[in-house]
Amino acid sequence: MAFDQRAERSTSRYQKARAAFLSNPDNALCVSCKSKGFTVAARELDHKVPVKDAPDRFWDQDNWQGLCKGCHEAKTAREARNESDEVAKWREYVEGTSA
């Protein structure tokens, strides 16, 4: 049976782990915004390596990062297009967007 990440995310175990991770001062800011010099609160728990590619790393906190909603949506869109970071940077430069 395939790993059901939606079901796993609805568990109290996940909700508590997510809240604890994002409330830690080391994880409280969006890592993407922070790398660009902005201070934006992280509201989304993101898996650096997508769960679809590595379901065994769902609970691996070394694979977690905090992102703001906009950065999380942009990263998810890039992953859906199978777009590399380099192509995404090029797209942002050319189009003036961060899709």
Side-chain angles (χ1 to χ4, degrees):
M1 182 174 182
F3 181 76
D4 186 353
Q5 63 178 302
R6 284 189 178 197
E8 201 66 28
R9 285 188 173 123
S10 68
T11 66
S12 63
R13 175 184 176 206
Y14 176 79
Q15 295 301 319
K16 288 176 186 175
R18 178 189 176 281
F21 184 83
L22 293 175
S23 67
N24 180 321
D26 293 337
N27 307 315
L29 298 178
C30 172
V31 297
S32 183
C33 288
K34 188 176 176 181
S35 73
K36 297 172 187 169
F38 301 111
T39 303
V40 179
R43 300 284 185 232
E44 304 283 333
L45 176 62
D46 177 65
H47 291 83
K48 297 173 192 175
V49 177
V51 175
K52 68 179 178 63
D53 297 334
D56 57 313
R57 296 195 62 198
F58 183 85
W59 288 104
D60 178 3
Q61 290 193 20
D62 290 334
N63 190 40
W64 292 4
Q65 64 183 351
L67 294 175
C68 67
K69 185 171 179 60
C71 289
H72 190 249
E73 288 175 352
K75 179 179 179 279
T76 301
R78 284 192 309 272
E79 290 168 353
R81 292 189 304 263
N82 290 321
E83 189 170 86
S84 70
D85 288 340
E86 292 78 20
V87 170
K89 288 177 186 174
W90 172 85
R91 178 189 303 277
E92 184 174 344
Y93 174 76
V94 171
E95 296 176 359
T97 64
S98 59

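Count residues from 1 along the sequence.
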**Study point:** Flag side-chain contact, heavy atom, 4.5 Å: Gln65 against Lys75
**Key:** yes
Could you check whether any side-chain heavy atom of Val31 comes within less than 4.5 Å of a side-chain heavy atom of Lys48, counting everything from C-beta outward? no
Are the side chain of Asn63 and the backbone of Val49 linked by a donor-acceptor contact shorter than 3.5 Å?
-> yes
Exercise. Okay, side chain of Asn27, backbone of Phe21: is any donor-acceptor separation there less than 3.5 Å?
Worked result: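 It does hold such a pair.
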Roughly how far apart are [X] [atom1] and [Y] [atom2], rounded to 0.5 Å?
X: Cys30; Y: Lys69; atom1: SG; atom2: NZ; answer: 13.0 Å
X: Ser12; Y: Gln15; atom1: OG; atom2: CD; answer: 8.5 Å
X: Arg18; Y: Arg9; atom1: CZ; atom2: CZ; answer: 10.0 Å
X: Gln61; Y: Asn24; atom1: CD; atom2: CG; answer: 9.0 Å
X: Arg57; Y: Asp62; atom1: CZ; atom2: CG; answer: 7.0 Å

Non-hydrogen atoms of [X] and [Y] that approach each other most closely:
X: Trp64; Y: Ala17; result: CH2-CB, 3.8 Å
X: Thr39; Y: Leu29; result: CG2-CD2, 3.8 Å
X: Glu8; Y: Thr11; result: O-OG1, 2.8 Å
X: Ala41; Y: Cys68; result: O-CB, 3.7 Å

Hphob cluster co-occupancy, Leu22 + Val51, side-chain heavy atoms under 4.5 angstrom: yes
